[in-house]
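These notes concern the structure reproduced below.
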Amino acid sequence: MKADIMPKKRINVELGERSYPIITGSGMASSFAAACRRYRISDTVVIITDRNVARLHLKPLLNVLRGGKFKPLVIVIPAGEEQKKLESADRIYTLMLKKKIPRSAAVIALGGGVIGDLAGFIAATYQRGIKLVQVPTTLLAQVDSSIGGKVGVNHILGKNMIGAFHQPVFVWMDAEYLKTLPKREMICGLGEVIKYGAIWDPGLFAYIERNLEKILKYDTGALRHIQFACAAIKAGIVSMDERESGIRAILNFGHTIGHGLESAGDYKILKHGEAVILGMAGEASIAKKMKMLDANSFEKFLSLIRRIPIRADLKSLKPGDITSAMGRDKKRVDKKLRFILPVKIGKVKIADNVQKKLIQQAVKEILKGN
Ligand SMILES: NC(=O)c1ccc[n+]([C@@H]2O[C@H](COP(=O)([O-])OP(=O)(O)OC[C@H]3O[C@@H](n4cnc5c(N)ncnc54)[C@H](O)[C@@H]3O)[C@@H](O)[C@H]2O)c1
Ligand SMILES: [Zn+2]
């Protein structure tokens, strides 16, 4: 068995009796079974994954679990956001019930955010809730969706509308998984990574400015750096505000316009992370026009964002569709659009008073590409 390549580092999500560790590292598959034992995962585990991840990464994990005397049931579903729905959950419940999976079992979510959200939702609801282990395999899932316990599925009337808060027992974050990620998925994750720098950590923002090319070349050291820095920020914010009644809202920087862009393209033109990158540019522009952000910092934002190779073709997106889709986002407070606006690199403020005109201008700027 291959030994771990780099020492593991732990981050704790502090939530009283629901506290849990995020174990980060690279090439650490061989110690997964030992970690499951250490965190009292019982012998029966249900690995839920998608076809792409199964092809690339299932076997080593399965071998290690079997070697550690676990009894894994493997459920592989097609890849893609369309799978994040109640019908998929229902099919998985049926398989689990037929196999008489007991309440003492744990779900292991091996995959990106789609698998993490869906498998997490199954863990939250199967027989009123069973244990969950998150094994995120995309950059987005590592830095964002696997931490914080938000799980759920989409409804035809809205994304992520059916769900729960269900914290995992631990998160197993292996940078090695990222090596097989398609470039476009890497860029999507990078959107959230830049967001953490922008809302919380000027040092991280500067690191990305200096190391963007390394990150885009899948350099292990650079990936480990951003993985650890972002997971620590998300863990800290979730520890302060598990249910998003306060500070957790700042994680939505770039997301108000981002959701509008994603939704106006019917989720086909832009992927979430790409929409967030463009959304951050738009929201930074609003902040500059509202004199909350100085011109210098705005230029820093824009020049980093311009260096990210987003290939999507925005021609078919209509400004009116984007702004009206923004209004349909569930994060809206009392019918007012809520924006998280940067005041400098590393600090944001919540704004509920952004004029419609400024929003329209920002959307037009994005579509024009400036
Ligand atoms: N729960 C939360 O807090 C939260 C936060 C942000 C996003 N999300 C959700 O996350 C989802 C998006 O997640 P995502 O971007 O990870 O998408 P995804 O899960 O669809 O993964 C993207 C693609 O990459 C493939 N893939 C995954 N790991 C791979 C690997 N290591 N190598 C090669 N291919 C791999 C997948 O099969 C898929 O085709 C959305 O549904 C979104 O709502 C949830
Ligand atoms: Zn996001």
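First listed ligand is number 1; within each ligand, the first listed atom is number 1. In this chain, numbering begins with 1 at the start of the sequence shown.
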What atoms of ligand 1 come closer than 4.0 angstrom to any heavy atom of [X]?
X	answer
His57	31 (N)
Asp50	36 (C), 37 (O)
Pro182	33 (C), 34 (N)
Tyr177	30 (C), 31 (N)
Leu56	32 (N), 33 (C)
Thr180	30 (C), 31 (N), 32 (N), 33 (C)
Glu81	40 (C), 41 (O)
Asp144	5 (C), 6 (C)

Are the charged groups of [X] and [Y] less than 4.0 angstrom apart, N to O?
X	Y	answer
Glu274	Lys271	no
Glu176	Arg224	no
Arg37	Asp43	yes
Glu192	Lys234	no
Asp219	Lys217	no

(request) Give a yes-or-no answer on whether the side chains of Lys150 and Asn160 include a donor-acceptor pair shorter than 3.5 Å. (result)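 Short answer, no.
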(message) Can you confirm whether the side chains of Lys159 and Ser263 place a donor and an acceptor under 3.5 Å from each other?
(response) no
(message) Could you measure the distance from the OG atom of Ser42 to the CZ atom of Arg103? Nearest 0.5 Å is fine.
(response) 12.0 Å
(message) What do you get for the angle at the Zn ion (ligand 2) between NE2 on His255 and NE2 on His272, to the nearest 10 degrees?
(response)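 The NE2/NE2 angle about the Zn ion (ligand 2) sits at 100°.
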(request) Specify whether an N/O/S atom of Glu192 falls short of 2.8 Å from the Zn ion (ligand 2). (result) yes
(request) Give yes if a backbone or side-chain nitrogen or oxygen of Ile147 is under 3.5 Å from a nitrogen or oxygen of ligand 1, and no if not. (result)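 Between Ile147 and ligand 1 (N or O atoms, distance only) the closest approach is not under 3.5 Å.
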(request) Would you check whether His272 reaches within less than 4.0 Å of ligand 1, judged by its heavy atoms? (result) no
(request) With Lys99 as reference, evaluate Thr94, Leu73, Val46 under the side chain to side chain contact (heavy atoms under 4.5 Å, CB included) test and give the passing residue. (result)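 Answer after filtering Thr94, Leu73, Val46: Leu73.
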(request) Report the part of Leu140 in contact with ligand 1, treating N, CA, C, O as backbone and CB onward as side chain, heavy atoms under 4.0 Å; options are side chain, backbone, both, neither. (result) side chain
